[in-house]
Every structure is written in C-alpha cells, then in structure tokens.
Amino acid sequence: MSQKPSIPKGTRDFLPSDVAKRSYLFSVIRSVYEKHGFLPIETPSFELSSTLMGKYGDEGDRLIFRILNSGDKMKKADLQALDAGNLPKFASSLSEKALRYDLTVPFARFVAQHQNDITFPFKRYQIQAVWRADRPQHGRYQEFYQCDGDSIGSDSLLNEVEFIQIIDSVLTQLAIPAFTIKINNRKILSGIAEVCGEAHHLIAITVALDKMDKIGSAGVITELESKGLSQGAIDKISPLFSLKGKPEEQLDLMEKYLSNSVVGLKGIDELRYVFETITAIGVQEAKIEFDVTLARGLNYYTGAIFEVKVDNVNMGSICGGGRYDDLTATFGLSGVSGVGISFGADRIYDVLEELNLFPKNVSLSLSVLFVNLGHKESLVSMQLAKELRSNGIDCEVYPSAVKLQKQLKYANDRGCAWVVIIGEEELQNQQLSLKNMESGEQLKFAITNFISEFSKL
RNA sequence: GAGGUUGUAGCUCAGUUGGUUAGAGCGUCGGUUUGUGGUACCGAAGGUCGCGGGUUCGAGACCCGUCUCCCUCCCCA
C-alpha cells in the first residue's frame with residue numbers, strides 16, 4: 001500500500017533551485033548584520049511552554065504550536081480541569097513544550113539566562129524558522145524563517161537609527177525598487193489615549209487606528225464606537241486620520257496635539273531625534289514615513305515601532321520591529337532595554353520572485369561532467385575529477401556506463417558547461433575529448449596536461 | 001477561531017442534463033541501427049477521479065462529513 005505523498009498545510013518543500021535562491025537571500029541579510037557588528041546566535045526549535053505563553057497576547061497564545069507530552073508524562077493530564085471545562089488549563093497539563101513563535105522572546109530568555117557570558121550592549125542576529133498555527137494565506141505560512149536583529153542593553157536612539165540603516169541596506173542590496181519604512185512610537189499612541197481621556201482603551205484605540213488603511217476613517221470610527229469609546233474621545237481622535245505632510249511637519253502638529261501628555265511628548269522627542277539623525281546621515285533607497293496609525297499588535301513594544309512595506313506589491317509587511325523596555329524582566333533581568341527588527345524571509349522571497357529580482361547566477365549548475373564509458377575509462381576520469389576539485393572546480397563522474405545519449409541528456413539537465421569524454425579510442429591515444437555544451441564544439445587534449453589546459457579556458 | 005472557495009495522471013487542466021474500457025498538453029521512460037544532449041518523429045508507462053459514508057439499476061459528476069488549496073476576517077513575517 002503506497003501512501004499519497006503530502007506535507008502539512010502551510011509548509012513547503014524546497015527544490016535545489018529554491019534553496020539556492022534562499023541562500024542568496026539569507027547571505028545578503030547575514031552580511032549586512034555582520035557589517036554592523038551583530039553576532040549570530042541560535043536557540044532551540046522548541047522552548048518550555050511557560051517561556052512562550054502569555055508573551056504575545058491572547059491571539060498570539062492561540063497560534064502557538066504546542067507539543068504533546070510523550071510517554072508517562074501523559075499521566076499528568078489534568079482531568080479535573082477537563083471536567084470543569086477549563087480547556088486552556090487542561091491543554092497546559094498535556095503540553096510542557098511548544099515550538100517557538102518568534103525569535104524575540106527566546107532571545108529575551110537567552111539574554112537573561114546567559115547575562116554573565118555576554119557583553120552589553122549585546123547585538124545579535126538570528127536566522128531560524130518559527131512556527132505559527134495560523135491559517136495559511138498569501139504570504140502566510142505555518143513554518144517560515146525570520147531574520148532577527150536585536151540590540152539589547154542600550155537605550156540610545158542610535159540603535160533605532162542603525163536598524164533603519166540595516167533595513168535600507170538589505171532591501172537596497174536585494175534591488176527592491178521601492179519600499180517604505182513606516183515608523184511610529186508606542187508612547188505617542190499612549191499619549192493619544194491619554195489626551196482623549198481613554199487611557200484604559202489604549203489597546204482598542206491602537207488596534208482600530210492600525211486598520212486605517214484597510215477600513216478607512218469611517219470604519220475606524222465604527223470600530224471605536226463598538227469598543228465603547230465616548231463621542232468626545234472619538235471627536236478628539238478623528239483629526240489624526242487626515243494627518244499629512246513631511247514627518248517633521250506631522251511631528252510638529254502632534255506635539256501641539258499631545259501638549260498635555262508627558263509620555264506623548266517623550267515619544268515625539270524620540271521620533272524627532274530618529275528622523276533628524278537618519279536625515280543627516282542619509283539612506284540609499286528607503287522612503288521613511290511617520291505613520292501615526294501604525295500600531296503593531298505585539299504588546300511588548302514600548303517605544304519606536306517599525307514596519308516595512310514594498311510599494312505596489314500585494315504583500316503584508318516584510319519587516320517589523322520596535323523597542324521593548326522590559327522584555328527580559330519576566331526572566332528575572334530587569335532594567336534592560338532593547339530594540340530589534342525581524343525580516344520575513346519567506347515574504348521577501350515571494351516579493352523577489354514576483355518582481356523577478358533574483359540574480360541569474362544563483363542557480364546551481366555543474367561545471368564539468370565526466371562521461372562514463374567503461375570501468376578502465378572511469379578510473380581515469382575519477383583521477384582527473386579529483387585533481388579538478390583540488391583546483392576548485394566542481395565536477396562529477398557519471399556513475400554507470402549507460403548510453404552516451406543518456407549521459408549527455410543528464411549533463412544538459414544539470415546545466416553543465418563542459419563534458420569530458422574518455423572512451424576506448426581516447427584511452428588508447430592517452431587523450432580526452434572536451435565538449436562545450438553550449439556551442440557543441442569538441443576539443444582534444446592529452447590526458448596528462450588536461451588540468452593545466454582546462455584552467456586556461 | 002469565523003466565513004467563502006477548490007481538489008481528476010508527476011505538472012497544468014478537459015470531462016457536456018449522472019450512463020459502456022476517464023482524456024489532452026507538458027514532463028517521464030523507451031525507440032528512430034554500434035560513442036554525442038538541448039530540435040523533430042514514433043511508442044509506452046502512469047489515475048481505486050482528495051478521503052469516508054450516502055442517494056441511484058448506475059456517481060468523477062448529486063447529498064453529508066472530513067482533510068487540503070486559495071481567499072476574506074482575526075492576527076501577523
């Protein structure tokens with residue numbers, strides 16, 4: 001009985017050509033991080049449930065893949081909780097581990113755990129898979145790679161500026177034609193909630209504002225009403241919908257708007273510094289905008305927040321991040337501020353594919369194939385192949401002496417540039433034939449000086 | 001988690017109001033006389049029609065369930 005081959009929803013296989021393109025993408029990101037002095041770390045695919053649960057809000061918790069206890073640990077099942085209808089508690093009793101949902105929370109755990117082994121400010125990058133039990137959609141997978149960079153242990157706003165530079169460098173290097181880095185600050189959002197007297201509705205306000213570009217101002221107002229905001233507060237918020245102009249001008253307006261909020265003004269100061277600094281230094285291709293409607297769901301952000309969109313492409317944000325002041329506190333290390341970003345490698349991949357931006361030469365091809373025409377002949381080929389490899393040239397010997405036609409077809413399918421033919425006739429004359437697979441031309445060389453002749457081609 | 005949609009050979013799809021042995025193109029494999037690929041010609045293999053149940057004399061077509069694809073919401077990379 002054969003089984004129909006299939007993989008779980010939201011996952012993918014990668015063919016050799018896919019892997020080649022992905023390695024290219026990762027290498028660009030890696031090299032930019034390293035140029036900025038970031039150090040690589042890796043953390044396990046799964047963490048203790050207690051490390052992850054409760055860090056991403058209720059929605060996030062729901063999307064965490066949990067790992068069922070195995071063996072005798074199944075006996076720990078809390079049947080009383082099941083009887084009482086307390087499903088979350090029952091589920092927790094069945095699962096002590098979970099697949100990582102992002103790279104930031106494991107990083108916070110890592111920093112607290114290894115605080116004596118690292119030097120602050122600590123700048124790390126991490127390129128690994130994460131898993132979310134989300135419903136798959138365009139640009140949305142259950143297994144995907146994030147490429148995080150975080151700088152922890154420094155509250156200097158120069159870190160924020162550096163991340164803008166990093167985003168700019170990566171996306172410019174990938175030749176993405178037009179992209180926008182949107183920036184906001186959680187303190188400004190807090191200030192807005194404060195000045196309209198709805199500080200306890202902060203989450204509702206930010207979530208509603210975040211939907212601005214999707215549902216429009218009327219939709220946002222409807223949403224705010226449904227969350228129970230007063231008419232006065234809504235009237236106070238609605239002027240923000242039409243905020244326009246350069247970042248500096250918008251910040252001036254927001255400064256007046258938030259004049260009664262200490263925290264709000266702090267947010268304005270921070271952003272103004274970031275904008276002024278990055279303007280002074282300059283960027284390559286990035287457009288940088290202040291967007292008061294940018295909220296971002298993850299509830300651990302406390303300062304600047306970033307989101308990056310590729311212009312004119314139907315794809316969610318390809319990069320996001322922000323500053324978090326006390327994420328390590330839950331792991332026993334308090335007073336350490338951090339800021340970080342995360343590139344969504346799979347979404348960037350999809351964008352590069354859609355815009356046809358992958359360089360032609362990333363595909364993997366074979367340089368030389370030695371055709372196999374018999375045992376004695378193949379021994380000579382194996383010897384030559386060994387020497388070619390030590391000269392840095394990739395090559396292989398066809399494993400069996402099947403029809404030449406078949407072997408040439410194989411060379412063709414592999415995108416092979418050269419084929420070496422050593423048969424009975426060549427062997428007798430101590431020669432070999434070198435075939436150029438593109439032109440079809442064939443040259444003869446003495447076996448003894450093939451290596452030196454080939455490297456001249 | 002809510003709603004909609006899709007599912008036929010390895011891939012892209014046909015398959016007419018339910019009616020004999022389910023088709024095409026591409027791909028794969030083999031051949032077109034001995035050691036020359038990418039083109040051409042000839043031929044072959046490959047499908048319990050996503051899975052399970054039901055209606056019917058008869059189901060790839062209809063009904064129910066389930067899984068999956070894609071999409072909207074939620075949320076997010």
Side-chain angles (χ1 to χ4, degrees), chain A residues 1-13 15 25 29 56-64 87 101-104 127-148 167 203 206-208 210-211 214-215 219 223 294-299 305-310 314-321 340-351 369 371-374 377 398 401-427 432-442:
Chain A
M1 268 300 275
S2 79
Q3 186 184 354
K4 187 183 178 180
S6 62
I7 54 177
K9 67 176 174 184
T11 65
R12 293 147 301 155
D13 284 327
L15 292 169
L25 173 56
I29 294 172
Y56 308 103
D58 291 343
E59 282 298 329
D61 280 0
R62 209 191 66 205
L63 298 178
I64 293 174
L87 292 179
Y101 175 89
D102 71 357
L103 301 177
T104 304
I127 299 177
Q128 289 189 279
V130 302
W131 295 268
R132 295 185 188 177
D134 205 354
R135 192 162 291 202
Q137 238 176 88
H138 181 60
R140 182 175 298 205
Y141 306 97
Q142 292 204 338
E143 178 182 65
F144 60 98
Y145 271 71
Q146 291 194 326
C147 312
D148 274 33
I167 295 168
I203 302 289
T206 57
V207 168
D210 196 37
K211 293 182 191 165
K214 226 173 208 173
I215 60 179
E223 170 125 359
L294 173 64
R296 294 189 57 77
L298 292 174
N299 49 16
I305 43 186
F306 309 105
E307 196 160 284
V308 184
K309 293 267 296 177
V310 179
N314 173 29
M315 178 62 73
S317 69
I318 57 167
C319 180
I341 56 167
S342 178
F343 290 99
D346 301 82
R347 285 187 176 177
I348 296 174
Y349 180 98
D350 288 350
V351 167
L369 177 76
V371 142
N372 185 335
L373 295 173
E377 293 84 349
Y398 198 87
V402 297
K403 286 176 73 167
L404 185 58
Q405 194 180 45
K406 192 181 166 78
Q407 300 190 45
L408 286 172
K409 185 168 161 38
Y410 173 81
N412 203 53
D413 290 346
R414 289 292 307 273
C416 203
W418 301 97
V419 167
V420 173
I421 301 170
I422 303 175
E424 204 177 349
E425 184 194 317
E426 281 88 353
L427 207 51
L432 57 76
S433 302
L434 179 69
K435 184 180 174 75
N436 179 321
M437 288 300 280
E438 199 173 339
S439 65
E441 277 178 62
Q442 235 164 277

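The chains referred to below are lettered A, B, ... by the order of the sequence lines, with proteins before strands, and numbering in each begins at 1.
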Query raised in the report: Hey, are the side chains of A:Tyr410 and A:Val402 touching, using non-hydrogen atoms and a 4.5 Å cut-off?
Result: no

Query raised in the report: Expressed as a whole number of Å, how far does the C1' atom of B:G25 sit from that of B:C51?
Result: 28 Å

Requested in this report: Using whole Å, report how far CG of A:Asp13 lies from P of B:U68.
Outcome: 16 Å

**Report entry** Nearest-angstrom distance, P atom, B:C70 to B:U28
**Finding:** 26 Å

Requested in this report: Look at all strands and tell whether A:Gly10 reaches a base, only sugar-phosphate, or nothing, counting heavy atoms closer than 4.0 Å.
Outcome: sugar-phosphate

Query raised in the report: What about A:Arg132, does its side chain sit under 3.5 Å from the base of B:A77 through a donor-acceptor pair?
Result: yes

**Report entry** Residue-phosphate contact under 4.0 Å: A:His138 side-chain N/O, B:C71 OP1/OP2
**Finding:** yes

Query - Under the 3.5 Å Watson-Crick or G-U criterion, the dot-bracket string of RNA chain B, with | for inter-strand pairs - result: ((((..(..((((.....[...)))).(((((.......))))).....(((((..]....))))))..))))....

Query raised in the report: Heavy atoms, side chains only, cut-off 4.5 Å: are A:Arg414 and A:Leu369 in contact?
Result: no

Query raised in the report: Over how many whole Å does the gap from A:Ile341 atom CD1 to B:C76 atom P extend?
Result: 18 Å

Report task. Let me have a per-nucleotide readout for nucleotides 30-42 of chain B, 5' to 3', with B, S or -, counting only protein heavy atoms under 4.0 Å. Result -> SS---BBBB----

Report task. Take atom CD1 of A:Ile318 and atom C1' of B:C76, then tell me their distance rounded to the nearest Å. Result -> 14 Å

Query raised in the report: To the nearest 0.5 Å, what is the distance between NE2 (A:His138) and CE (A:Met315)?
Result: 4.0 Å

Report task. Provide the distance between the two C1' atoms, one in B:G15 and one in B:G60, to the nearest whole Å. Result -> 8 Å

Query raised in the report: What distance separates A:Glu307 CD from A:Ile341 CD1, expressed to the nearest 0.5 Å?
Result: 13.0 Å

Report task. Could you pull out all residues at least two apart from A:Phe144 that satisfy ring-ring contact (aromatic ring centres under 6.0 Å, His included)? Result -> none

Query raised in the report: Say you pick atom C1' in B:U16 and the same atom in B:G53; how far apart are they, in whole Å?
Result: 28 Å

Query raised in the report: When you look at CD of A:Gln442, are more than 12 heavy atoms from neighbouring residues, nucleotides or ligands closer to it than 6.0 Å?
Result: yes

Report task. Round to a whole Å and report the spacing from CZ of A:Arg135 to P of B:G3. Result -> 9 Å

**Report entry** Separation of atom CD in A:Gln142 from atom P in B:C67, rounded to whole Å
**Finding:** 13 Å

Query raised in the report: To the nearest angstrom, how far is A:Met315 atom CE from B:C71 atom P?
Result: 9 Å

Query raised in the report: If you look at every strand shown and take non-hydrogen atoms under 4.0 Å, does A:Val207 touch a base, only sugar-phosphate, or nothing?
Result: sugar-phosphate

Report summary line: Whole-Å distance, A:Asp148 CG to B:A77 P, equals 9 Å

Query raised in the report: Under the criterion side chain to side chain donor-acceptor pair (under 3.5 Å), which of A:Thr104, A:Asp148, A:Asp102 is the partner of A:Ser342?
Result: A:Asp148

Report task. Apply the side chain to side chain contact (heavy atoms under 4.5 Å, CB included) test between A:Gln142 and each candidate in A:Arg132, A:Arg135, A:Arg12, A:Lys9; give the one that qualifies. Result -> A:Lys9

Query raised in the report: Between A:Phe343 and B:A77, do the rings stack, that is, sit under 5.5 Å apart with planes less than 30° off each other?
Result: no

Query raised in the report: Does A:Lys211 place a side-chain N or O at less than 4.0 Å from the phosphate oxygens OP1/OP2 of B:C74?
Result: yes

Query raised in the report: Contact class for A:Cys319 (heavy atom, under 4.0 Å): base, sugar-phosphate, or nothing?
Result: sugar-phosphate

Query raised in the report: Rounding to the closest angstrom, what is the interatomic distance between B:C29 and B:U66 at atom P?
Result: 42 Å

Query raised in the report: Expressed as a whole number of Å, how far does the P atom of B:A22 sit from that of B:C69?
Result: 30 Å

Report task. Let me know the distance between CZ of A:Arg347 and P of B:A77, rounded to the nearest Å. Result -> 8 Å

Requested in this report: With C1' as the reference atom in both, quote the distance from B:G43 to B:U72 in angstrom, rounded to an integer.
Outcome: 49 Å

**Report entry** Minimum heavy-atom distance between A:Ala208 and A:Glu223, given as atom pair plus value
**Finding:** CB-CG, 3.7 Å

Query - Donor-acceptor contact present, side-chain A:Asn372 to main-chain A:Tyr398, <3.5 Å - result: yes

Query raised in the report: Base, sugar-phosphate alone, or nothing: which one does A:Gly139 contact when heavy atoms must sit under 4.0 Å apart?
Result: base

Query raised in the report: On a plain distance test, is the side chain of A:Arg62 in donor-acceptor contact with the base of B:C75 below 3.5 Å?
Result: no

Query - Whole-angstrom distance between B:U6 and B:C13, as gauged at atom C1' - result: 14 Å

Query raised in the report: Say you draw a straight line from CZ of A:Phe343 to CD1 of A:Ile318; how long is it, rounded to the nearest 0.5 Å?
Result: 8.0 Å

Query raised in the report: Which residue lies toward the 5' end of RNA chain B, A:Leu63 or A:Lys9, if each is placed at its nearest nucleotide?
Result: A:Lys9

